[in-house]
> 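Would you mind keeping the following structure in view while I ask a few things?
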Amino acid sequence: MNMNKSQKLFSILREKRLIALLTPESVEQCISAYEILYEYDVILEIAFRSQIALDGIKGIIAKYPKALLLAGTVMTRKQAEESIDAGVAGVVSADYIPEVVEVCVKHDVMCAPGGLSDAGKQLVRKAALYDCELNVLREKYPHQWVYKLFPAIAGAHSNVDFVKAWRGPYKDLSIIYTGGVSIENLKELSSADPTGIFCGSALTKSIDDPEQMRRDVEKWIDATKLTSTGKFQSESVNEMAEDFEKWVETNGTSSMNSLSKLISNQAPAKVVTLGEIMLRLSPPEPLRFVQTTSFNSTFGGAEANTAVAFANYGLNSSFVTVLPSHEIGQSAVNSLRAYGVDTKYILRKGNRVGIYFLEYGASQRPSKVIYDRANSAISNIKPGQINWDSIFEGATWFHWSGITPALSNSAAKVTREALIAAKKHGVKVSVDLNFRKKLWSEGRAQAVMSELMEYVDVCIGNEEDAEKTFGIRAKATDVDSGKLNEAGYHEVARRMVEKFGFEKVAITLRESISASDNNWSACLFNGNEFMLSKKYPIHIVDRVGGGDSFSSGLVYAVISGKSDKDALEFGVAASCLKQTIHGDFNLVSVEEIEKLARGGSSGRIQR
């Protein structure tokens, strides 16, 4: 067989199973990396982050015309055309970008878009571009029978289980694992998928020390040596694949729908969130805005924070928003993917990513937030732009917050559109009231939010949300002084249930001793019983996202079948731990939360 460059590249990938990712600082680095990796038949992927990447590819091809290279992080038609014209044998993207795939198929160049749960859809689209059936794509174009799983590792969780299911309908599908792959977990991943291809930037981290780079490469090669029979370790997965084939023969339904139904009872619950993710800029602690000459950056936002927590707890978490297609928008997407959030429903349009500036408080000086989010991409969302029926197919839960309808009139209409679709699909709905006085007035909030409550099953708020959003105030309470009357919140929750028919109302209770020290607890009313959680004294590291972590913890616990009391304790413990972590996202495990909820609060080092 006379193989083209992509087929030769793919053949080496199947044999050597490694890709070394390089974000180059110079053309010389590209050439040096290629020369070292060539000694081991390891493929080099050069990330398209600057002009240096294209110049580096050209430099390698000029010196080694038969070099087999991958262009990585290719996001536009122009980048795809430039990299192919320069001589690459394959193209890798962070997501399925139609124009990039079209260019690759036109030139019959291997294309591996990233994703977490759309393997079948990507293969079907490739087959359509080749104007062939799936079986023909697999047999005639094996270099396109490939999918990039990103991220391969999310927090403490491996996503290899997705692959086990895909291999039923998509026989011999080659998977490129990237995102979180390291020498520490490579052997386990390689054993779990003996045909997997593994990509990592750690292979090139010592590019300026050739001998150390060679030692790193040799360690990765050793870690991918097969110690198994070449089959997945789980017999249940093999049995599931056999059942799938029988199911398709009997029903004759499309592969994706069949797969969805086959594994629905074994897959984690699908949870959908809608909202804005913003760029967060903070002075180095404890500097004030007027002192700093630099800002630390991260991403966050109420619903994005809950989406990350859901994924971290092992749920199938999908986040819906609107983000620009430029690099800052992509960085926001990447921040979600890094923790396993499904981002395929994100609409890419508009020009602005919202920004918020956070100044950390200390002692008696409170934290301060300044928003720069006007005219952000999601604030311009319009009804009809999102296919909610597709999103809620197979979903268990939908979570939103009062921030989203506060962004604009059109965002409020889209929120209502989403809620109607969720109920149409039998999806449970929770809301975090999240009143923001910088976004809308109390009067406007009460008018809009009251109309949306008919779709809500579980309502969550903090100690003042009910008053600001519904005009229902807890008696004998002064939020500013930190004086909270727990009995008053029983009355607030009862009135909310009576007025809107909620199944559950949960309210977080923050007693602010100072900006640095708070007492933290919550209460829950289920229409029959009012319950209070234990109270945690917290020395604050970062309180942003505290309420979001309570919401995600409570919802996760309810989905998991915990009692209302246990769900309340889980949510409060999750939120307590979050406030000890910098950034918006709650990066703690279910096990850590459950240990704290059981009383393990000493903070002793874990050995």
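Nothing here was measured: the structure is a model prediction, and the numbers come from that model.
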> Not counting sequence neighbours, list each pair that qualifies as a ring-ring contact (aromatic ring centres under 6.0 Å, His included) and has a residue in residues 281-306.
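Of all non-adjacent pairs touching residues 281-306, those that pass ring-ring contact (aromatic ring centres under 6.0 Å, His included) are F295-F357.
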
> Just jot down the ring pair (Phe, Tyr, Trp, His ring centres under 6.0 Å) partners of F470, sequence neighbours excluded, or say none.
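Applying ring pair (Phe, Tyr, Trp, His ring centres under 6.0 Å) to F470 gives F500.
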
> Backbone N or O of I328 within a donor-acceptor pair of the H326 side chain at under 3.5 Å?
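Side chain of H326 to backbone of I328: a pair is present.
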
> Using salt bridge (Lys or Arg N to Asp or Glu O under 4.0 Å) as the criterion, list what pairs up with R348, not counting sequence neighbours.
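By the salt bridge (Lys or Arg N to Asp or Glu O under 4.0 Å) rule, R348 matches no residue at all.
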
> Would you find more than 12 non-hydrogen atoms of other residues, nucleotides or ligands less than 6.0 Å from K423 atom NZ?
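Enclosed.
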
> Under the rule for ring pair (Phe, Tyr, Trp, His ring centres under 6.0 Å), what residues qualify as partners of H582, not counting sequence neighbours?
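H582: ring pair (Phe, Tyr, Trp, His ring centres under 6.0 Å) contacts with Y360.
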
> Identify, with sequence neighbours excluded, every residue that meets side chain to side chain contact (heavy atoms under 4.5 Å, CB included) alongside T178.
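Side chain to side chain contact (heavy atoms under 4.5 Å, CB included) list for T178, sorted by chain: K148, F150, C199.
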
> Can you sort out the partners of E276 under salt bridge (Lys or Arg N to Asp or Glu O under 4.0 Å), two or more places apart, ordered by chain and number?
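For E276 the salt bridge (Lys or Arg N to Asp or Glu O under 4.0 Å) partners, ignoring immediate neighbours, are R373.
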
> List in chain and number order the residues that pass salt bridge (Lys or Arg N to Asp or Glu O under 4.0 Å) with D584, two or more places apart in sequence or in another chain; answer none if no residue qualifies.
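Checked D584 against salt bridge (Lys or Arg N to Asp or Glu O under 4.0 Å); matches are R280.
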
> Apply side chain to side chain contact (heavy atoms under 4.5 Å, CB included) to V27 and list each qualifying residue two or more places apart in sequence or on a separate chain.
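Side chain to side chain contact (heavy atoms under 4.5 Å, CB included) list for V27, sorted by chain: I31, D55.
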
> Is the backbone of G384 close enough, under 3.5 Å, to the side chain of E417 for a donor and an acceptor to pair up by distance?
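Yes; at least one donor-acceptor contact below 3.5 Å.
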
> Taking side chain to side chain contact (heavy atoms under 4.5 Å, CB included) as the definition, give me every residue that meets it alongside E81, ordered by chain and number, with sequence neighbours left out.
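With neighbours one apart ignored, the set is R77, V103.
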
> Mind checking what makes salt bridge (Lys or Arg N to Asp or Glu O under 4.0 Å) contact with D95, not counting sequence neighbours?
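Expected list: R337.
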
> Can you classify the ring geometry of F198 versus Y177 as parallel (below 30°), tilted (30 to 60°) or perpendicular (above 60°)?
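Parallel.
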
> Do any N or O atoms from the side chain of N518 and from the backbone of S512 form a donor-acceptor pair under 3.5 angstrom?
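Flag not set: sc N518 to bb S512 has no pair under 3.5 Å.
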
> Taking Q122 for its side chain and G114 for its backbone only, find out whether a donor-acceptor pair lies under 3.5 Å.
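Pair found, side chain donor or acceptor close to backbone of G114.
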
> Under the rule for ring pair (Phe, Tyr, Trp, His ring centres under 6.0 Å), what residues qualify as partners of W388, not counting sequence neighbours?
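Here the qualifying residues are F392.
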
> Who pairs with Q385 by side chain to side chain contact (heavy atoms under 4.5 Å, CB included), at least two apart in sequence or on another chain?
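For Q385 the side chain to side chain contact (heavy atoms under 4.5 Å, CB included) partners, ignoring immediate neighbours, are L347, K349, I381, K382.
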
